[in-house]
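Let me begin by presenting the structure, written as structure tokens, before commenting on it.
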There are 2 protein chains.
Amino acid sequence: MKALKIPEATITRLSVYSRFLEAIDKKGIVTISSGEIAEGTGVSPAQVRKDLAYFGEFGTRGVGYNVKDLLKHTLKILGLTNRWSVVVVGAGNLGSALVSYRGFRQRGFDIVGVFDNDLTKIGKKLLDLEVLGTEEIPRVVKEHNVKMGVITAPASAAQDVANILVKSGVKAILNFAPTVLNVPDHVHVRNIDLSTKLEILTFHLGMENEGY
Amino acid sequence: MKALKIPEATITRLSVYSRFLEAIDKKGIVTISSGEIAEGTGVSPAQVRKDLAYFGEFGTRGVGYNVKDLLKHTLKILGLTNRWSVVVVGAGNLGSALVSYRGFRQRGFDIVGVFDNDLTKIGKKLLDLEVLGTEEIPRVVKEHNVKMGVITAPASAAQDVANILVKSGVKAILNFAPTVLNVPDHVHVRNIDLSTKLEILTFHLGMENEGY
DNA sequence: TAGATTGTTAATCGATTAACAATC
DNA sequence: TAGATTGTTAATCGATTAACAATC
């Protein structure tokens with residue numbers, strides 16, 4: 001209920017801390033300090049404490065944080081204490097890769113549908129999922145109470161896909177198409193643009209040679 | 001040569017502007033204003049002008065920007081006026097998808113090598129590329145003057161892969177493994193963490209239900 | 001000239017860092 | 001108690017926005 005605005009970077013880091021804590025916990029380590037978390041995740045100790053402080057007091061002064069405890073809290077904050085059903089729209093190479101990606105399942109995401117409007121792809125099996133036509137999206141979204149959709153369709157189709165997803169009741173979209181989506185305010189969208197990330201690197205490489 | 005620090009977000013947006021301008025240019029539109037660019041890319045007009053102003057004066061007061069001209073400038077800034085050879089390490093689903101991804105080639109990236117240390121993957125063909133053992137990385141990097149590497153190996157192997165890439169002379173790494181890489185200061189690293197992006201969305205969805 | 005839009009400065013906003021009192 | 005580390009406040013740093021003079 002707090003009206004406190006939390007920086008997006010804080011949430012991103014929380015995800016990183018969470019994964020780091022999982023690894024630490026697996027090693028059997030019980031207690032960890034903000035300095036050690038910082039060391040392991042490449043941020044500053046003050047940053048770690050500040051990020052956590054948005055959500056509560058999870059540590060013990062003079063001691064540090066209980067690993068299992070803090071891990072649970074970070075997962076709770078990220079909304080990962082229950083599983084999420086996800087649909088993927090676009091069964092090309094990237095879409096297929098995501099459906100097969102074990103990392104998602106491990107963090108609580110269940111891909112319950114893959115869709116395409118390319119007839120040569122419909123009916124294909126990806127793991128245990130059959131690629132369905134996009135007209136099936138509303139049914140699957142309703143049946144599995146899907147809140148999240150991933151768009152791996154080409155840029156030219158992305159907006160149409162987004163419209164279908166929104167109309168079906170999806171509340172959050174992860175968009176891999178290099179295009180800006182128009183959605184209602186209540187729908188969350190994040191873009192992952194693979195080329196853009198490479199271009200940040202070429203920018204820096206180019207700068208070193210020529211300078212700007 | 002300017003010592004001016006440019007925000008990473010500016011570079012990301014420049015990449016978005018650049019792609020938007022390509023689309024606008026294809027429509028045959030000659031002139032565009034900061035307001036129209038802003039409208040098309042989801043930022044503020046002041047932001048657009050500020051971002052561009054880091055690099056020069058590309059517009060004409062009272063008129064706007066010449067589309068072709070500005071497109072050229074943004075490509076130049078991003079280092080996309082010549083092509084980049086890239087290697088991909090990790091020939092799993094994601095690696096395979098990236099090799100086949102046409103978006104890279106279109107923006108000036110040529111994937112010249114795919115590597116894995118899994119014997120069942122070595123020798124497989126991805127498009128016209130044969131998957132090679134990781135011991136071949138140094139040779140290919142040198143032969144093609146590769147400056148950029150993409151890591152799509154599992155987290156457990158990512159640091160080893162990074163070491164090999166750095167030793168081979170790679171200067172920039174795009175890392176898909178959910179782990180923090182240790183590399184020398186002169187090597188640029190960016191992470192793309194697919195789960196983290198989903199977790200930002202679940203965070204927001206969770207917040208709406210329970211509040212934080 | 002009048003209208004439009006840039007480039008740039010100053011004001012605002014927000015995020016990170018430093019420092020330290022609280023406390024185990 | 002002495003040493004350590006958190007939680008939090010204040011200071012700093014950086015990025016975005018608003019406003020407007022310059023100028024086409």
Side-chain angles (χ1 to χ4, degrees), chain A residues 2-17 20-21 24 29-74 77 200 203-204 212, chain B residues 2-17 20-21 24 29-74 77 200 203-204 212:
Chain A
K2 263 180 274 175
L4 187 50
K5 176 86 171 37
I6 292 146
E8 177 116 345
T10 288
I11 308 166
T12 303
R13 286 189 299 262
L14 237 26
S15 169
V16 175
Y17 304 156
F20 175 70
L21 290 168
I24 290 296
I29 294 167
V30 176
T31 304
I32 196 165
S33 69
S34 60
E36 291 165 320
I37 296 172
E39 172 75 21
T41 57
V43 305
S44 72
Q47 186 70 269
V48 172
R49 296 201 299 277
K50 190 76 207 258
D51 285 338
L52 296 172
Y54 282 109
F55 302 98
E57 306 192 1
F58 306 128
T60 309
R61 291 168 197 233
V63 177
Y65 302 88
N66 177 280
V67 174
K68 270 190 205 307
D69 204 52
L70 186 57
L71 173 56
K72 254 182 233 161
H73 281 296
T74 55
I77 292 163
I200 288 171
F203 167 80
H204 286 291
Y212 243 114
Chain B
K2 262 180 274 173
L4 188 51
K5 176 87 170 36
I6 292 145
E8 178 114 345
T10 288
I11 307 167
T12 303
R13 286 189 298 260
L14 237 24
S15 169
V16 175
Y17 303 156
F20 175 68
L21 290 169
I24 290 296
I29 295 167
V30 175
T31 301
I32 196 165
S33 69
S34 59
E36 291 164 320
I37 297 173
E39 173 75 22
T41 59
V43 305
S44 73
Q47 187 69 270
V48 172
R49 295 200 300 277
K50 189 76 207 258
D51 286 337
L52 295 173
Y54 282 110
F55 301 99
E57 307 192 359
F58 305 127
T60 306
R61 291 168 198 232
V63 178
Y65 302 88
N66 178 281
V67 173
K68 271 190 205 304
D69 204 52
L70 187 57
L71 173 56
K72 256 183 229 159
H73 281 296
T74 55
I77 292 163
I200 289 172
F203 167 80
H204 286 291
Y212 243 115

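Any value given below was found using the heavy atoms of this structure, including those in side chains, with hydrogens, waters and symmetry copies removed. What you see is a predicted model, and the numbers here were worked out from it, not measured in a lab.
- Picking from dG7(C), dT16(C), dT6(C) the nucleotide with the shortest atom distance to the side chain of R13(A) gives dT16(C).
- Rounded to an integer number of Å, the gap from E39(B) CD to dT5(C) C1' is 16 Å.
- Evaluated for a side-chain hydrogen bond (donor to acceptor under 3.5 Å, both in side chains) with S34(A), the options E39(A), R49(A), Q47(A) yield exactly one hit, R49(A).
- Within the 4.0 Å cut-off from OP1 or OP2 of dG7(C), at least one side-chain nitrogen or oxygen of Y65(B) is found.
- Side chain of K5(B), nearest nucleotide from dA15(D), dT16(C), dG7(C): dA15(D).
- Summarising the geometry, the separation between CG on D69(B) and P on dC24(D) is reported as 16 Å, rounded to the nearest angstrom.
- Between the T10(A) side chain and the I6(A) main chain, no donor and acceptor come within less than 3.5 Å of each other.
- The side chain of P7(A) lies closest to dA15(C), out of dT8(D), dA15(C), dT17(D).
- In this entry the distance linking CG of L52(B) with P of dT6(C) reads 9 Å, nearest Å.
- Between the NE2 atom in H73(B) and the CD atom in E57(B) there is a gap of 11.0 Å [rounded to 0.5 Å].
- Heavy-atom nearest nucleotides on DNA chain C were determined for G62(A) and for D51(A), and the one closer to the 5' end corresponds to D51(A).
- Each of V63(A) and R49(A) was matched to the nucleotide of DNA chain C holding its nearest heavy atom; the match closer to the 5' end belongs to R49(A).
- In this structure, CZ of F55(A) is placed 18 Å from P of dT6(D), rounded to the nearest angstrom.
- Of the side-chain N and O atoms in Q47(A), one or more sit less than 4.0 angstrom from OP1 or OP2 of dT17(C).
- Nucleotide dG7(C) holds its C1' atom 10 Å from the NZ atom of K50(B), rounded to whole Å.
- Computed from coordinates, the E8(B) CD to dA15(C) P distance equals 17 Å when rounded to whole Å.
- Both key distances under 3.5 Å define a Watson-Crick or G-U pair, and stretches of 3 or more such consecutive pairs in DNA chain D run C:3-24 with D:3-24.
- Atom CD1 in I32(A) sits about 16 Å away from atom C1' in dA4(D), given to the nearest Å.
- Regarding contacts with the backbone of dT5(C), every side-chain N or O of S34(B) stays at 4.0 angstrom or more from both OP1 and OP2.
- At whole-Å resolution of the value, CD1 in I6(B) and P in dA15(D) are 10 Å apart.
- T60(A) contributes no side-chain N or O that, together with a main-chain N or O of V63(A), makes up a donor-acceptor pair within less than 3.5 Å.
- For dT5(D), the OP1/OP2 oxygens have no side-chain nitrogen or oxygen of S33(A) closer than 4.0 Å.
- Listed candidates were dA10(C), dA22(C), dA21(D). Nearest to the side chain of R61(B) is dA21(D).
- For E57(A), the side-chain atoms get nearest to dT8(D) when compared with the rest of dA15(C), dT8(C), dT8(D).
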